[in-house]
Amino acid sequence: MSDKIKVLHLLQSDKFSGAENVACKIIEMFNDDTNFEMAYCSKSGQISDVLQKKGIMYYPMSNLSIREVKRVVDLFEPDIIHAHDASASVISSMLSKRYPILSHMHSNPPWIKKMGKNSILYFISSLRFRNVLTVSSSIMEEYVFGRFLTKKTTIIKNPIDINAIRTKANANNSEKLYDIAYIGRLATPKNPMRFIKLINKLKSNIPHISAVMIGDGVLRKQCKDLIDNLGLNGSITMVGFQENPYSLLEKVKVLCITSKWEGYGLVAVEAMALGRPVVCTPVGGLPMLVNSTCGKICTSDEDFTNELEKLLIDKEYWKGKSNGSIIQANLLDNIPSYKKNIDEIYNKMLGVR
């Protein structure tokens, strides 16, 4: 082992979203720490530009496979593989050389709730994991084999730098104002189609409603087709992936999260940091973040439309929840403690402490 602890952050996606954001933040918070050297590894794609701008060491792969991961670890020679999410964790466990693996679960996809190929494979792979991190207690509570991983599992919420979010929000001011925002991948877990349908329902009482969808993904065409079919082109603007979504988020009144499943729900905290109430589904860590002072947890379309309509029409009601959002976000600011926790976990994995 070299003087520095070398950590390889391994991810599957070539896009920049929740898990990718967390991996980048961890690397950035250790930039000036002389005890560590970190690198990012994933399929080559959109993420390349983001990492280049952030100045993060990057090892691109053609795909997430044992062969490609072995190639990268032979080049970087990590002391620890920090595998973000299940696929990266499973592949890491199959390497012939026994690297200490930290499996970081950022979400609770449906497969964890039942006996099946994916849940069994992750459990078998977990025998090789030195530690497991989850972003909320719901992940291991829902995982069918979760009780067997209790001793090696640590719950650690996502890193949140409230001041950085507010600074970025002022970096590139957008002139366009919106009522409601959707932020996330246009993919099944985030349920963007439901968001579009909610806007359609709200339009009957708020004819001039304006919404923005920030993000890209495999459902982009389906979302665009649904917007066209419902005649919502004048009501919903799709702006695609935004490296800095905060300048747009600051120009909306409310964030609406329609996810079918989530991990921590970082985007909710980011919205609250800017004083934007959050109306969301009761999945993942969201019920631990959002309450009646800063938004609402909704289980039905009626819950969503009633709350969103009230926030858009009643200025005093919105102001109260906006103030509550700022208070709640400030309580969640955690960069120093997060770095300390990760530092301790890495050192413990190597027997340094």
Side-chain angles (χ1 to χ4, degrees), residues 1-13 16 18-43 47-48 50-61 64 66 68-106 125-135 149 151-161 164 264 334-353:
M1 189 170 70
S2 64
D3 291 338
K4 290 186 176 183
I5 296 174
K6 300 180 71 175
V7 183
L8 181 69
H9 292 265
L10 182 64
L11 297 96
Q12 175 179 233
S13 175
F16 183 76
E20 296 76 24
N21 185 26
V22 171
C24 288
K25 285 183 177 178
I26 293 173
I27 294 171
E28 288 175 320
M29 69 178 66
F30 282 91
N31 269 347
D32 298 325
D33 194 318
T34 57
N35 295 317
F36 290 91
E37 181 180 351
M38 299 192 183
Y40 188 110
C41 175
S42 73
K43 289 189 292 186
I47 191 69
S48 304
V50 175
L51 297 173
Q52 184 177 20
K53 289 176 181 176
K54 291 179 178 292
I56 291 175
M57 188 188 308
Y58 179 44
Y59 288 87
M61 300 183 294
L64 180 66
I66 298 173
E68 277 290 87
V69 173
K70 182 181 184 302
R71 177 182 63 80
V72 172
V73 297
D74 286 346
L75 288 171
F76 183 64
E77 298 182 332
D79 299 303
I80 294 171
I81 295 178
H82 189 149
H84 295 262
D85 280 338
S87 296
S89 300
V90 171
I91 291 293
S92 299
S93 73
M94 296 179 180
L95 294 172
S96 58
K97 190 174 179 179
R98 299 285 170 160
Y99 295 92
I101 299 168
L102 176 61
S103 176
H104 198 154
M105 294 293 285
H106 295 268
S125 300
S126 73
L127 300 175
R128 279 274 292 109
F129 303 159
R130 193 70 58 86
N131 289 91
V132 177
L133 295 185
T134 64
V135 295
L149 301 181
K151 290 184 178 180
K152 62 171 65 176
T153 298
T154 302
I155 300 169
I156 181 166
K157 297 176 181 178
N158 280 352
I160 301 167
D161 188 338
Y264 180 66
N334 69 350
I335 291 298
S337 62
Y338 190 94
K339 181 182 177 183
K340 181 175 182 291
N341 288 336
I342 293 293
D343 183 300
E344 290 175 350
I345 288 167
Y346 286 156
N347 278 284
K348 186 177 180 181
M349 287 178 69
L350 297 173
V352 177
R353 294 176 189 170

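Values in this document were obtained by computation on a predicted structure and should not be read as measured data. Numbers here simply count residues along the sequence, with the first being 1.
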With a 4.5 Å cut-off on side-chain heavy atoms, are Met57 and Phe76 touching? yes
Using modelled atom types and a 3.5 Å cut-off, is there a donor and acceptor pairing between side-chain atoms of Asn21 and backbone atoms of Phe16? no
Distance (rounded to the nearest 0.5 Å) between Ser92 OG and Leu10 CG: 4.5 Å
Which label fits His9 and Tyr346: parallel for a plane angle under 30°, tilted from 30 to 60°, or perpendicular past 60°? perpendicular
With a 3.5 Å distance limit and no angle check, can you tell me whether Asn131 reaches the backbone of Leu102 through a side-chain donor-acceptor pair? no
For a quick test of reading the model, state the closest non-hydrogen atom pair linking Pro60 to Arg71 and the distance between them. O-NH2, 3.0 Å
Heavy-atom check, side chain of Ile160 versus side chain of Tyr264, under 4.5 Å: yes
Closest contact, heavy atoms only, Met105 versus Ala86: SD-N, 3.7 Å
Please report the interatomic distance CD1(Ile101) to CE(Met349), rounded to the nearest 0.5 Å. 8.0 Å
Rounded to the nearest 0.5 Å, the NE2 atom of His82 sits from the OG atom of Ser89 at a distance of 8.5 Å
Does any part of the side chain of Val135, heavy atoms only, come nearer than 4.5 Å to the side chain of Val22, both counted from C-beta? no
Does any N or O in the side chain of Arg130 come within less than 3.5 Å of the main-chain N or O of Lys152, such that one atom is a donor and the other an acceptor? no
Closest contact, heavy atoms only, Ala23 versus Tyr40: CB-CE1, 3.9 Å
Take atom NZ of Lys43 as the centre, draw a 6.0 Å sphere, and report whether it contains more than 12 heavy atoms from other residues, nucleotides or ligands. yes
Restricting to non-hydrogen atoms, name the atom on Met61 and the atom on Leu11 that form the minimum distance, rounded to 0.1 Å. CE-O, 4.2 Å
Is the shortest heavy-atom distance from the side chain of Ile342 to the side chain of Phe30 under 4.5 Å? yes
Test your reading of the model: is there a side-chain donor-acceptor pair from Asp85 to the backbone of His106, 3.5 Å cut-off? yes
Minimum-distance pair of heavy atoms, taken over all atoms of Ser13 and Glu20: CB-OE2, 3.3 Å
Out of curiosity, Phe36 CZ to Asn347 CG, how far, rounded to the nearest 0.5 Å? 5.0 Å
Evaluation steps, side chain to side chain contact (heavy atoms under 4.5 Å, CB included), between Asp343 and Asn35: CA-CA 10 Å; Asp343 183 300; Asn35 295 317; 5.5 Å; no
For the residue pair Leu64 and Glu68, establish whether any side-chain heavy-atom pair is separated by less than 4.5 Å. no
Can you name the closest pair of heavy atoms from Met29 and Pro159 and give their distance? CE-CB, 3.7 Å
Determine whether more than 12 heavy atoms belonging to other residues, nucleotides or ligands lie under 6.0 Å from atom NZ of Lys339. yes
Using side-chain heavy atoms (C-beta onward) and a distance below 4.5 Å, is Lys97 in contact with Val73? no
Which value, rounded to the nearest 0.5 Å, describes the distance between Lys340 atom NZ and Ile335 atom CD1? 15.0 Å
In Å, rounded to the nearest 0.5 Å, how long is the span from OG of Ser126 to CG of Leu149? 4.5 Å
Test applied, side-chain contact (heavy atoms from CB on, under 4.5 Å); reference residue, Met38; option that passes from Ile5, Val7, Ile56: Val7
Using a cut-off of 6.0 Å, state whether more than 12 heavy atoms not belonging to Asp32 lie near its atom CG. no
Glu28 and Lys54 ion-paired at < 4.0 Å: yes
Side chains of Cys24 and Leu51, heavy atoms from C-beta outward: is any pair under 4.5 Å? yes
Please determine whether side chain to side chain contact (heavy atoms under 4.5 Å, CB included) holds for the pair Met94 and Arg128, giving the CA-CA distance in whole Å, both sets of side-chain angles, and the decisive distance to 0.1 Å. CA-CA 9 Å; Met94 296 179 180; Arg128 279 274 292 109; over 6 Å; no
